[in-house]
Amino acid sequence: MNLFRNFKSVTKTCYGRGSFGKFGEILEPHRNAAPGQARGGFMVFLVDHYFQGNEAFLSRIPKQAGDEIIFCSTAKEPTTEQIDGLRDDILARRGLPAGLVGIGGGNVMDVAKALSLMLTNEGSSVQYQGLNLIKKPGIYHCGVPTISGTGAEVSMTAVLTGPVKKLGLKCDWTVFDQIVLDPDLIASVPNDQWFYTGMDTYIHSVEAITGTKKNTFAEAYSEKSLEMCREVYLRMDRSNSKSDEFLMVASYMGGLSLTYSEVGVCHALSYGLGKVLEMHHCFANCVAFNQLEDVYGDYVQEFKGMVKHNKVNIPQGLAKDWSEETISAMAEVAYNLPHMWDHAFGPDWQQVLDRERIKGWYRRMRSTGSANG
Ligand code: NAD
Ligand code: ZN
């Protein structure tokens, strides 16, 4: 079908082992205030708290006098309150930076994307949750993923949890100006997390090509991403040097496949789990996808094979205590994502889907409580 989507891509992409070593050179031209612009000429590096105290890693960040490192906790997914607070603090202490760099996973990269926009747009980020609500371009911003799968490095959204909605700041200006994809940086990710986050790109790729908005462009990215996921999670040992290279590229391609199509049932259910139970996005996807054989068929079988092959530990009994109230609240969040249902079931989705059907999927998660099935 014709979609006529016209999306902005990441402006510059640097890929390869050791490419993080080139980051100083890459940043240099962006350090000075552009003529006529009141920019401070300093860089802010937002760094995943995992790296706090890791001097070997921190010394590789091309920090110059006047630059600042801010460590970001990933205990919770980014919130509108967190972004507003960071913005207010940086502007009050230092004024407008020349640029922002997010070094970390989907969490820290989304913080960098959202903060870049909120440094130049007045008011609270809550008012900009949605599509094309941002009024002005943000500041120069770069993403350096240290864990792969979400596709946040390439997507046009920065997902934020607000007081009412869990919804992205989505517009052309959200997209990074520069990304540095260095497979060396993801080697230290613990196995379980490596699996959950990697499965996000597998699920993006499946959902993008199994709905009404699928198209040849999305399918091309999806097929390559799925092929690489199969290599990483079914055939290769993680010690194989190709494994991290494949996963990093699969994440990028899966992100593009969904950008040119849409996510579906699994992500809708995952948003409910995230908003109501504060479950991590990628883990929630695994919990949901495991129960969706009626929608995604053989892909769910394949996913289960990957869980088994990698001996992934998914805590048992997570869902056994969900009350009907909790299930209703999650179903409400999921139901209110019409673009995902439209993609999954077509424009008449309300004829095949109601809140009861959504609750049924959540109850299935309650009965097993484990992505191991
Ligand atoms: P994350 O950023 O939450 O990181 C997961 C864990 O891995 C954290 O504990 C982190 O400290 C740790 N970690 C990161 N790099 C590491 C490394 N090299 N070695 C060891 N540990 C490391 O996880 P994620 O799964 O990448 O991202 C999830 C977030 O991404 C959520 O906030 C979700 O909303 C967002 N997301 C965004 C998009 C988008 O398009 N913008 C898409 C999907 C998900
Ligand atoms: Zn996702």
Side-chain angles (χ1 to χ4, degrees), residues 7 10 20 46-54 56-57 60 71-80 82-83 102-114 116-117 129 141 143-162 165-171 174-176 179 182-208 225 244 247-248 251-252 254-259 262-271 273-275 278-286 288-289 337 340:
F7 284 130
V10 168
F20 188 50
L46 300 160
V47 180
D48 191 312
H49 68 146
Y50 166 79
F51 295 104
Q52 201 157 6
N54 180 343
F57 181 80
R60 298 185 60 208
F71 290 103
C72 297
S73 166
T74 55
K76 285 189 168 192
E77 298 196 340
T79 63
T80 49
Q82 174 191 4
I83 300 301
I103 304 177
N107 187 316
V108 176
M109 286 191 282
D110 276 2
V111 171
K113 287 155 85 175
S116 151
L117 296 168
Q129 282 184 283
H141 55 303
V144 183
T146 63
I147 173 170
S148 287
T150 64
E153 63 276 24
V154 77
S155 78
M156 61 181 293
T157 187
V159 184
L160 297 183
T161 302
K165 294 179 271 192
K166 182 178 179 196
L167 195 61
L169 308 187
K170 189 169 181 181
C171 69
T174 313
V175 181
F176 280 120
I179 55 174
D182 184 340
D184 286 346
L185 301 186
I186 67 173
S188 55
V189 175
N191 246 36
D192 281 2
Q193 191 65 59
W194 164 81
F195 185 83
Y196 307 142
T197 298
M199 280 303 109
D200 199 21
T201 198
Y202 179 82
I203 296 168
H204 290 158
S205 305
V206 169
E207 291 190 299
S225 175
D244 286 343
L247 186 56
M248 198 156 233
S251 172
Y252 176 97
L256 286 177
S257 79
L258 96 84
T259 297
E262 187 51 83
V263 287
V265 181
C266 181
H267 271 71
L269 298 178
S270 169
Y271 267 56
L273 294 165
K275 175 77 180 123
E278 296 192 358
M279 207 183 268
H280 183 277
H281 175 79
C282 305
F283 179 71
N285 279 346
C286 289
F289 197 70
L337 294 163
M340 298 186 195

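Note that these values count all heavy atoms, side chains included, but never hydrogens, waters or copies made by symmetry. We count ligands from 1, going down the list as the structure has it; atoms in each ligand are counted the same way.
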*Assess P190 for proximity to ligand 1: is some non-hydrogen atom of it under 4.0 Å away?*
yes
*Under 4.0 Å from a heavy atom of H281: give me the atoms of ligand 1 that qualify, with their elements.*
33 (C), 43 (C), 44 (C)
*Indicate the atoms forming the closest heavy-atom contact of K113 with A158, along with that distance.*
CB-CB, 3.8 Å
*Residue part near ligand 1, for D200, under 4.0 Å between non-hydrogen atoms*: side chain
*So, does F51 sit close enough to ligand 1 that a heavy atom of it is under 4.0 Å from the ligand?*
yes
_So that I know where these two stand, are F57 and F20 an aromatic pair - ring centroids less than 6.0 Å apart?_
yes
*Just wondering, is there an N, O or S atom on C282 that's nearer than 2.8 Å to the Zn ion (ligand 2)?*
no
*Say whether H280 and ligand 1 are in contact under the criterion: heavy-atom distance to a ligand atom below 4.0 Å.*
yes
*Provide, to 0.1 Å, the distance between atom 13 (N) of ligand 1 and the closest protein heavy atom, together with that atom's residue and name.*
D48 OD2, 3.9 Å
*Nearest-neighbour protein heavy atom for atom 37 (C) of ligand 1, which is reported as residue plus atom name and distance*: D110 OD2, 3.1 Å
_I need the contact type for N107 against ligand 1. Using non-hydrogen atoms and a strict under-4.0 Å cut-off, is it side chain, backbone, both or neither?_
both
*asked:* Side chain, backbone, both or neither: which applies to T146 and ligand 1 if a contact is any heavy-atom pair less than 4.0 Å apart?
replied: both
*Side chain, backbone, both or neither: which part of A152 comes within less than 4.0 Å of ligand 1 when only heavy atoms are counted?*
both
*So which protein heavy atom does atom 19 (N) of ligand 1 come closest to, and at what separation?*
S188 OG, 2.8 Å
